[in-house]
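What follows is a single structure, written as structure tokens, with notes after it.
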Amino acid sequence: MPVGSEQEKHMRKFKNRGKDVAAMRRQRVEVNIELRKAKKDEQILKRRNISITPLEESSTSQEKKEIIQMSLEEIVEAVNGSNTELQLQATQATRRMLSRQRDPPLNHIIELGIIPRLVEFLTRADSAALQFEAAWALTNIASGTSDHTRAVVEGGAIPAFVSLLSSPHMHISEQSVWALGNIAGDGPLYRDALINCDVIPPLLALVSPVTPIGFLRNITWTLSNLCRNKNPYPPLNAVKKILPVLICLVQHEDKEIISDSCWALSYLTDGSNDRIQIVVDTGILPRLVELMADTELIVLTPALRAIGNVVTGTDDQTQAAINAGILAVLPRLLRHTKATIQKEAAWALSNIAAGPCRQIQQLITCGLLPPLVELLEKGDFKAQKEAVWAVANFTTGGTVEQVVELVQSGVLKPLLNLLSAKDSKTILVILDTIANLFLAAEKLGETERLCLLVEELDGLEKIEALQTHDNNMVYRAALSIIEKYFAGEESTDFQPGSDEDGQLNFSVEKKDFNF
Amino acid sequence: MELSDANLQTLTEYLKKTLDPDPAIRRPAEKFLESVEGSQNYPLLLLTLLEKSQENVIKVCASVTFKNYIKRNWRIIEDEPNKICESDRIAIKANIVPLMLSSPEQIQKQLSDAISIIGREDFPQKWPDLLTEMVNRFQSGDFHVINGVLRTAHSLFKRYRHEFKSNELWTEIKLVLDAFALPLTNLFKATIELCSTHANDASALKVLFSSLILIAKLFYSLNFQDLPEFFEDNMETWMTNFHTLLTLDNKLLQTDDEEEAGLLELLKSQICDNAALYAQKYDEEFQPYLPRFVTAIWNLLVTTGQEVKYDLLVSNAIQFLASVCERPHYKHLFEDQNTLTSICEKVIVPNMEFRAADEEAFEDNSEEYIRRDLEGSDIDTRRRAACDLVRGLCKFFEGPVTGIFSGYVNSMLQEYAKNPSVNWKHKDAAIYLVTSLASKAQTQKHGITQANELVNLTEFFVNHIQPDLKSASVNEFPVLKADGIKYIMIFRNQVPKEQLLVSIPLLINHLQAESIVVHTYAAHALERLFTMRGTSNTTLITAAEMMPFVEVLLTNLFKALTLPGSSENEYIMKAIMRSFSLLQESIIPYIPSVITQLTQKLLAVSKNPSKPHFNHYMFESICLSIRITCKANPDAVGSFEEALFMVFTEILQNDVQEFIPYVFQVMSLLLEMHKNEIPSSYMALFPHLLQPVLWERTGNIPPLVRLLQAYLERGANTIARAAADKIPGLLGVFQKLIASKANDHQGFYLLNSIIEHMPPESVGQYRKQIFILLFQRLQNSKTTKFIKSFLVFINLYCIKYGALALQEIFDNIQPKMFGMVLEKIIIPEIQKVSGQVEKKICAVGITKILTECPPMMDTEYTKLWTPLLQALIGLFELPEDDTIPDEEHFIDIEDTAGYQTAFSQLAFAGKKEHDPVGQMVNNPRIHLAQSLHKLSTACPGRVPSMLSTSLNAEALQYLQGYLQAASVTLL
């Protein structure tokens, strides 16, 4: 019998009764509702162009003079008129308002009803300046809320921008890339609308060795938005088209390009195992692991996320991440000063610990236990919670010897301390872990020693206190540990049960038997 | 029921009757209300009464009845009828909030509870306007109304503190936050402003502070699951105000009551909790505020008095500091030597002092005092909090802290030395300080297991503890005596053995102290010392070392049971048990007196058993007396029976349920001591043991089964001869037990003993019926546990009566039955049998079926021969199959509903494991090989051909190993 299946059978029998490994691996999203502020370290969904572009500075002094304040009424009139010069002036004035640093009047502009006209201007190959100004203005409107973006899309901007990607003027095609990025960033609906408009081929065609860095950054960002969002995921054939270019971009030396392409990979891996497999198959994992060791947060964060997603996958996919060297970089990330990095790293670790015992063994061999214990002891609470999961998975899937090693590395004290955490789920997971540890101890005949250890570390007192916890599952888990292992030395044996009524007459009637 | 005056009148009368002290009036009224509560409008009638009744007592009664009605009926349970009609539900939800808010406080509380019960089911989906309705009331400016709303909100939201994160829960919280967070914040700010405008109006302040407490509690609930965006954005507002409130004092809010915490204390205590929540969970965001809170809380501690009413506040505040000071990145807040000194001096030392309230408890409520002090149920006390802070600080600053405290300990001891009778409390504090400083890890079983190396425990023991215990009067300074004894107890692993030996006579001496705490501690300390392990698995303190003290120890222990307040002292009784167990045969000379005292005690407590632990140790002590004495002199069993049977009879006659399981165990022990035929005194009791009523109580079943087994082991022949008419009753017990999924294994214990010991002819007529019963159970409700026991039984039967007899009786019940059992039960399930002896029985039994049962060789059963052999080899070689079908997990849990007295097993009445095949077969594998060899000689060629055609290769290899080991070959 092959060793692997024997071990799996063994695990099913003792430890994971009722649980299977797939359920132990925890995907990124457990709860869709967030109470917290949107995360500060997420990639930006939409951006407004507020920079002073070189074009503006190179504009002639004559043009500058012409920057006269136009009222909203004048703008509407000019835009709807047929004088190209006035159209340009009005569009420029609009764009300028939309580009100011503070409180751009997005709603006002939308209410003017000029968006369809601005979209029309995108097609005005006769006036590159008008095309550009309109593209810029629309980019900034699309950078607002979903309502704002919708106004642009419903004005018919998507096909116009897609065809502008192939504009002979680089600054126009760049602005279009940007606008499309904003539209894609709105969500899966518009993302797929873009993909259906065949945005990908002209967009990818813009990537070449001579593309200027700034432009390339915009393209990478827009590509990442095309990979982003779930429910539904981006269509597989689109992903397959984008992926080879992303793999090249990840090799670039510009940090922003690396960052955005890593974000794209993190979105592509944030899904079912077959989506993870597509990324694994590109052979990019070693590069991602290398980037996890980068000192820059903008690179490190998305690289860690992508790899973190990969290890939620199958045992083989996790093994691919291990082979790419993830275990060598994790210790440093577990000790990172930034709490969110600690947390992501611990989450990845917890998913590796959910694997078969040969992977758990690698985790031990690569020295992950000391940083794990440190994190449990003094990490940020969010990271501690993940570390608790890591320990729980370890004790569920590890062999008795591996569990012994875990205990010897000092996990018990910080684990028991966290029983006073203010989070019911964490407490329950710790209690389950303690129950696992006792199962291992029973096999070694070390139950009594573990009891003493738990008591010495003030664990008993905490478990006892949890018997009055308001959460039923917590209280029952605590009670069961106390009854099973700490019920006192002259153990009292509670024999439950009730009898059916009946006389103690010995009598019987024969029937036919068939078992 | 219509909403009519007549119905209101009727209801009023019945409600009034439910308050009547006479059950003859009260009960029927309660029954009536229960009978009408299903009617439409009933809840609305109650609401009308609680609002409009002329009599206040009826209003209150209606509100309580209403709340209980809601509690019982509001929830709609799947597949059960809706117990409240829909129109009533709508009317209740429409009216209850304004009604609650306009009611006086007593009724408001009931209605508020009712709202939260309804809210738990209906909020938010089925009660969408509740939140807006509540929030709108914040504008009212009427704080009676506002507090009603806040209280209701608190009871609705407090479950956020313990429930698991889920989409459903978080959606609700988000909804609540969107509607509630901003108005709550505004209310918070407005209330604080009002507090300063009304700073001189005591009654206004009281109302406002009640609001603030509720607001602070709501803050805790709303922030528990995660840090909401709103509160992160408004952290400045909340934390600045919390901080101000922590430092606030107002003479008008101070209370004269020493015991009960006032509003100010409750508020500050909740704020400490809120700060601790943020510090633990949202450290990153809270960091800028934390140092301010540390300073404020520390100042609070320095300025707060010793009164009991501050206890919760002080212990919460100290716990906050303790949790912060262990964090590496806040280390710097405590690092400074002056800070440390000041924390030690002003926070820790004052809170370790022995207070008037402690002294009171020591004298008047010793049981509670002991529980707190000894068993660690002191979690919320100041001393405990101070102790935790010491341990927290020692994590980074062990050296400096030890240094600072050493100075304090010395000066406190000097104070004591100057005038012990006045300054004894200083010494108490010094001992407490040393203890908390020195103990790093502790267990009940071993005391302190890790100590601070900077403290010289032995020196302190010799210089400051022993002198107190050596003093001539055992009753002087009882608190210090208790401290000293406790010191020995907890540091028993640190203090060298020779010092412990010196202490033993001192402890024995203190068993005579009048103070309950002191003699209890002395008994407990002795018990703990006697359980310490020495080298090579012996006790640290040996019986030989105890020789000089045996008499005085036993005398003082039993005398201590006569001291006022200690007649059922479990610590003393446990010490008696432990002393017996340690001293073994040295106690024999004292047994006559000991057993007299124990039986007298037993007689006395059996009138009204109230201390389960005491009783348990008493029976353990009785068992020990019997075992130790009878080991040296088996004939002594008679004198025990003489001493005990009278009391036992009384217990059985008076049906003292708590003691009956113990009595059966002691009787089993006594009966097993007999070497010869069963005495007639036991036989006289035999019929009574079969009475159905005894078997109704689950707690009786295990010890009774054991007792009947003892009867069968010692007296099977006597029963067959003199009590044959009782055999059906005995089998009736078996039949009853076998019918229960929880007790069937006990039924098999009994049946196995019957088969093993009863003369075959005495049970011959019942054998067939026994099997039919078992088959019925197998057919109707088969469980894994049942199958395991069944397999052991049929194999035991096979060993006793032979394989052929087994086959014949099966096939006699129904043709081909034997084959069906082999094929459907034995072969597929044998792997599940657990236990050494059980497996051995099955192995020998199956070997017999394979080799001593001719039909296996030459009928249609032959096809089962190899599969059976394969299964047997599997039993030898494969790991046990411990899978249990899912639905069986819950059998025991479901059945606990009706259990009465739990069965308490006595450790010292233990039964040794019995192996019925013991001598017959030593190694079952070899036995299989030899038996096969014998079979093959009888029919040469058959066995090898059966093996080679269908036994799998792996099994065959194992089998060849057995044959080799047995040095036999198959022909």
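Per chain, numbering begins at 1; letters A, B, ... match sequence-line order. These numbers were taken from a predicted model, which means no experiment stands behind them.
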Is chain A contacted by the side chain of [X], its backbone, both, or neither, given a heavy-atom distance below 4.5 Å?
| X | answer |
| --- | --- |
| Leu177(B) | side chain |
| Tyr160(B) | neither |
| Pro228(B) | both |

[X], part contacting chain B, at a heavy-atom distance under 4.5 Å:
| X | result |
| --- | --- |
| Ser420(A) | backbone |
| Asp423(A) | both |
| Leu452(A) | both |

Hey, is [atom1] on [X] packed in by over 12 heavy atoms from elsewhere, all under 6.0 Å?
| X | atom1 | value |
| --- | --- | --- |
| Glu442(A) | CD | yes |
| His613(B) | NE2 | no |
| Met235(B) | CE | yes |
| Gln287(B) | CD | yes |

Please round to the nearest 0.5 Å and tell me the distance separating atom [atom1] of [X] and atom [atom2] of [Y].
| X | Y | atom1 | atom2 | result |
| --- | --- | --- | --- | --- |
| Glu456(A) | Ser439(B) | CD | OG | 12.0 Å |
| Glu229(B) | Arg36(A) | CD | CZ | 11.0 Å |
| Gln384(A) | Asp283(B) | CD | CG | 9.5 Å |
| Asn472(A) | Phe164(B) | CG | CZ | 9.5 Å |

Best-contacting candidate, Ile173(B), Leu277(B), Leu169(B), against chain A by heavy atom pairs under 4.5 angstrom: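 Heavy-atom pairs under 4.5 Å are most numerous for Leu277(B).
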Heavy-atom pair count under 4.5 Å with chain A, highest-scoring of Glu163(B), Arg159(B), Arg327(B):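 Of the options given, most contacts go to Glu163(B).
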Check: Lys37(A) and Glu285(B) side chains under 4.5 Å, non-hydrogen atoms: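 They are not in side-chain contact.
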Shortest non-hydrogen contact from [X] toward [Y]:
| X | Y | value |
| --- | --- | --- |
| Lys281(B) | Phe381(A) | CE-CE2, 3.5 Å |
| His162(B) | Asn471(A) | O-ND2, 2.6 Å |
| Lys382(A) | Glu284(B) | NZ-OE1, 3.7 Å |

Pairing residues for Lys158(B) by the side-chain contact (heavy atoms from CB on, under 4.5 Å) criterion, not counting sequence neighbours: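 So Lys158(B) forms a side-chain contact (heavy atoms from CB on, under 4.5 Å) with His154(B), Ser155(B), Arg161(B), Ser221(B).
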Salt bridge (Lys or Arg N to Asp or Glu O under 4.0 Å) involving Glu446(A) - partner list, sequence neighbours excluded: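 In terms of salt bridge (Lys or Arg N to Asp or Glu O under 4.0 Å), with neighbours along the sequence ignored, Glu446(A) is linked to Arg449(A).
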Check: Lys378(A) side chain, Pro328(B) main-chain N or O, donor-acceptor pair, under 3.5 Å: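 No; zero donor-acceptor contacts below 3.5 Å.
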Residues Asp458(A), Arg391(B): salt bridge by 4.0 Å N-O rule: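 So Asp458(A) pairs with Arg391(B) through a salt bridge.
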Between Val454(A), Leu428(A), Val474(A), Ile427(A), the one whose heavy-atom pairs under 4.5 Å with chain B are most numerous: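 Winner by heavy-atom pair count: Leu428(A).
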